[in-house]
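Since we're looking at a predicted model, the values are computed, not measured.
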Amino acid sequence: MTDAPATRDAPWPVALLSGKIKQYLDRLGTVWVEGEITQWGVSGGNVYGKLKDLDVDATVSFQVWSSVRARFTEQFKQGDRVVALVKVNWWVKGGSLSMQVYELKHVGIGDLLERLERLRTQLAAEGLFDPARKQKLPFLPGVVGLITGKDSDAEHDVLRNARLRWPSVEFRVAHAAVQGDRTVPEVVAALARLDADPEVEVIIIARGGGDFQNLLGFSDERLVRAVAAASTPVVSAIGHEADRPLLDEVADLRASTPTDAAKRVVPDVGEELVRVGQARARLTMRLQHQLAHEIDRIGHLRSRPALADSSWIVDRRAEELTRWVARGAELVERSLERADSRVAELRGHLRALSPQATLDRGYAIAQLPDGHVLRAAGQAPEGTRFTLALADGAIAAESAGAAHDAVGSAE
């Protein structure tokens, strides 16, 4: 064994590489692993088998020597879920890897239940089971998504009972494994496809009854979180009434059986027709009662004196109209009288101030040819022509002398 790095000019021998691998793996020591036995073969008292991961596609080979097997107190077979104490062995000569088993025991129901309860508590603390986040199912879905095993009794039960209740219901069926290691990835993939379909209004995940271990896939955390994240309402119909996988807790509706799921998702056409008939009967009765009530009320109104003889309305309004017409005529006459008095008063004032009244008293008004009133003698030198306006008519005149002479002449 050497610590010198391998190069193109100084490569390691195959034995050196294989030895280093063994040396590295030996430092790992023994470890406890959990998985499902997918192969269990006995040869010469020794067991040669394979152990598969419970969640992902990963498998390793293992060996149980006859001396170790003799200490086992349990019987094992293919499909068992086990916990094993193993040591990784590297066969230097053949370049193969295997695990040598020193202890092997079944995963007990108690262990599984304990793990399941821890997961239930964790998811509940996150609010995934909160009733407030559950979606309401549509009354009459146009398209129903169904995830179930191919040609399974659960599929037949859901389709038959749903179509008996509502013959025109449409289904989009996505087949998936409902038992074993393929359950979780296939159901999650089918859920994603149906959830992305805009026509699917509700999704049913259905499986017939089974034992506790067969239903473990429906308590897987990946599936539970996928259902919680779905935008389409999900109905869980796993097992029978007594079965309670975690899928029941996170689903928007839990149905006890696939048949119950069909009844909860699709209404019964016969029952709905009966309800429609009952509703129509109630509406007819209410309408008839309302019409009868209104007819009676109108009859009572028509029998009142005010409506029995309607002429009083016209007569009373005619009297009121006559009074208002007389009142209006009186007001108009008073207004005209006051207006006449005011006009006469104004006429008297106007006449008193009028130049004609002055002329009537014997006075005259001298006006120059340009129309201006002659106010002083100096405005009419000798020979100036002017007009004298009298009370009745006017005469032409001409000034005869100077201003002082004019005054004397006027006298």
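- Listed by first and then second residue, the ring pair (Phe, Tyr, Trp, His ring centres under 6.0 Å) pairs that reach into residues 314-370 come to none, sequence neighbours excluded.
- Scored by the salt bridge (charged side-chain N to carboxylate O under 4.0 Å, His left out) test, Asp26 finds Lys22, Lys87 as partners (sequence neighbours excluded).
- Note on residues 130-153: no pairs pass salt bridge (charged side-chain N to carboxylate O under 4.0 Å, His left out), not counting sequence neighbours.
- Panel note: side chain Asn46, backbone Ser66; a donor-acceptor pair is recorded below 3.5 Å.
- Remark: Leu388 engages Ala366, Phe386, Ile395, Ala397 in a side-chain contact (heavy atoms from CB on, under 4.5 Å) (not counting sequence neighbours).
- Residue Tyr102 places its OH atom among more than 12 non-hydrogen atoms of other residues, nucleotides or ligands, all under 6.0 Å distant.
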Stepwise side chain to side chain contact (heavy atoms under 4.5 Å, CB included) test for Val250 and Leu247: CA-CA 5 Å; Val250 73; Leu247 177 61; 4.3 Å; yes
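- Residues satisfying the side-chain contact (heavy atoms from CB on, under 4.5 Å) criterion with Leu253, sequence neighbours excluded, are Leu137, Val235, Arg264.
- Between the side chains of Ser236 and Asp248, at least one donor N or O sits under 3.5 Å from an acceptor N or O.
- Identified under the side-chain hydrogen bond (donor to acceptor under 3.5 Å, both in side chains) test for residues 273-286, with sequence neighbours left out: Glu272-Arg275.
- The shortest heavy-atom contact between Ala177 and Val187 is O-CG2, 3.7 Å.
- Contacts of Val82 classified as side-chain contact (heavy atoms from CB on, under 4.5 Å), with partners at least two apart in sequence or in another chain: Ile37, Leu51, Phe76, Asp80, Leu104, His106.
- Take Gln122 and apply the side-chain contact (heavy atoms from CB on, under 4.5 Å) test, not counting sequence neighbours, and it matches Leu119, Glu126, Glu221, Arg225.
- Other residues, nucleotides and ligands contribute over 12 non-hydrogen atoms within 6.0 Å of the NZ atom of Lys52.
- Look at Arg334 and Glu337 and you find no salt bridge, because none of the NZ, NE, NH1 or NH2 atoms lies under 4.0 Å from a carboxylate O.
- Partners of Glu294 under the salt bridge (charged side-chain N to carboxylate O under 4.0 Å, His left out) rule, at least two apart in sequence or in another chain, are Arg297.
- Looking at residues two or more places apart in sequence or on another chain, you find no side chain to side chain donor-acceptor pair (under 3.5 Å) involving Asp268.
- Under the salt bridge (charged side-chain N to carboxylate O under 4.0 Å, His left out) criterion, Arg222 pairs with Asp55, Asp220, sequence neighbours left out.
- Here Glu74 pairs with nothing under the salt bridge (charged side-chain N to carboxylate O under 4.0 Å, His left out) rule; sequence neighbours left out.
- Trp65 and Tyr48 have perpendicular rings, their planes meeting at more than 60° on a 0 to 90° scale where under 30° would count as parallel.
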